[in-house]
Amino acid sequence: MAPRSEWIWWNGRLVPWDQATVHVTAHALHYGTSVFEGIRAYETPQGAAVFRLRPHLARLFFSARLLRFEIPYTEDELAQAVVETVRANRHSSCYIRPLVFRGAGPLGVDGRSCPVEVVIITFEWGKYLGQEALEKGVDVIVSSWRRMAPDTFPALGKIGGQYVNSQFAAMEAHDLGYAEAIMLDAYGYVAEGSGENLFLVKDGVLYTPPFHNSILLGVTRDAVLTLAREQGIEVREQPIPREWLYAADELFMTGTAAEITPVRSVDRIPIGCGKPGPITRRLQERFFAIVTGQAPDIYGWLTPVGSA
Ligand code: PPE
């Protein structure tokens with residue numbers, strides 16, 4: 001379903017959803033010149049609360065820096081703008097999509113003379129891979145498409161154009177009847193999903209690829225690492241060869257949209273007993289307890305939105 005809400009924040013003011021349009025000469029449309037974030041606000045007993053707003057905005061500014069965008073706002077101002085937009089749209093929970101892009105101006109690859117536009121879009125977005133996916137897990141394949149080599153695109157930046165690579169992997173997986181794809185990096189090591197980070201559990205140890213395997217440094221990934229350490233689970237951030245996926249007792253994907261989604265098979269090979277395992281469940285439960293305000297926010301992850 002197409003997203004929808006009432007207001008979109010655009011360069012400092014709220015404009016009605018239908019009026020938030022761009023010209024076809026916008027640089028971003030031609031060359032993928034945009035950076036973005038995906039953030040969730042959860043419903044808590046105290047109203048909507050934004051999950052890890054600051055780390056998301058920090059990553060947005062880092063992505064912008066890579067593309068040499070000057071964002072004419074401070075992080076504080078954008079944090080305020082996110083809260084204001086969620087409040088104006090009266091969401092009890094939502095997905096938040098800040099987007100910074102080069103707008104209309106001269107065409108040509110180096111877009112630095114085109115204006116930088118900043119928008120914040122919010123809308124209701126349910127479970128990315130479905131509620132059933134969170135409970136039962138999903139079936140995935142290893143994609144025939146690789147993530148970018150480190151000297152081609154900056155994987156650590158959340159840059160619009162780079163998602164064409166993710167689209168190839170996602171379309172291939174969907175056409176073959178799978179929920180998601182796992183992508184390898186240019187050297188053949190496990191990287192991540194088309195829009196999620198990846199974790200696996202083997203003999204009680206939690207593994208995830210480190211930042212030099214062409215991954216996006218997920219905010220959810222970081223939260224899961226924190227919760228795993230809290231639970232006394234041994235964590236290893238190390239390169240993962242493909243076959244370790246098939247050895248895994250548990251496998252799951254993390255992302256703002258996907259949250260913590262168990263994987264029940266890879267390339268048709270069942271993971272563990274084909275059901276979400278105990279460590280995945282424990283981390284999922286703890287994660288959802290904190291984000292929905294059922295457990296104390298001991299890490300300061302939530303920004304309350306307050307009422308209009
Ligand atoms: N890797 C990629 C490639 C990625 O796009 C995401 C987020 C992650 C990892 C996880 O990052 P984080 O959200 O900070 O935990 N993908 C976003 C876009 C999904 C979409 O389909 O659009 C998201 O989850 O919001």
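Indexing begins at 1, ligand by ligand and atom by atom, following the structure's order.
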Donor-acceptor pair between E230 and Y299 side chains, under 3.5 angstrom: yes

Nearest option to atom 1 (N) of ligand 1, as decided by whichever heavy atom of E259, E192, H56 sits closest: E192

Basic-acidic side-chain contact under 4.0 Å: R221, E192: no

Between T254 and E259, a side-chain donor and acceptor under 3.5 Å: no

Cluster overlap V82 with V15, hydrophobic side-chain contacts below 4.5 Å: no

Any side-chain heavy-atom pair of R282 and I233 under 4.5 Å: yes

Main-chain N/O of K158 paired with S63 side-chain donor or acceptor, under 3.5 Å: yes

Shared hydrophobic cluster, V201 / V235 (ILVMFWY, side-chain heavy atoms < 4.5 Å): yes

Location of contacts on S166 toward ligand 1, heavy atoms closer than 4.0 Å: neither

Ligand 1 contacted by E37 (non-hydrogen, < 4.0 Å): no

Protein contact to atom 22 (O) of ligand 1 [nearest heavy atom, distance to 0.1 Å]: R97 NH2, 3.1 Å

Numbered atoms and elements of ligand 1 in range of S194, under 4.0 angstrom, heavy atoms: 3 (C)

Closest to atom 6 (C) of ligand 1 among G195, A169, G38, G218 (heavy-atom distance): G195

Pair Y73 and F61, ring centroids less than 6.0 Å apart: no

Residue Y163 vicinity, atoms of ligand 1 by number, heavy atom under 4.0 Å: 2 (C), 3 (C), 4 (C), 5 (O)

Which of the ligand 1 atoms, numbered from 1, are nearer than 4.0 Å to a heavy atom of K158: 4 (C), 5 (O), 6 (C), 7 (C), 16 (N), 17 (C), 18 (C)

For atom 13 (O) of ligand 1, closest protein heavy-atom neighbour: T256 OG1, 2.6 Å

V219: numbered ligand 1 atoms lying under 4.0 Å from its heavy atoms: 12 (P), 14 (O), 15 (O)

Centroid-centroid distance, F101 to F69, less than 6.0 Å: no

Contact with ligand 1 for A223, non-hydrogen, under 4.0 angstrom: no

Numbering as shown, the atoms of ligand 1 that approach N197 to under 4.0 Å (heavy-atom distance): 9 (C), 10 (C)

Nearest non-hydrogen protein atom, atom 24 (O) of ligand 1: A257 N, 2.8 Å

Of the listed options Y95, F36, Y128, closest to atom 23 (C) of ligand 1 (non-hydrogen atoms): Y95

Contact with ligand 1 for R40, non-hydrogen, under 4.0 angstrom: no

For atom 15 (O) of ligand 1, the protein heavy atom that lies nearest, with its residue and separation: T220 OG1, 2.5 Å

Basic-acidic side-chain contact under 4.0 Å: R54, E37: no

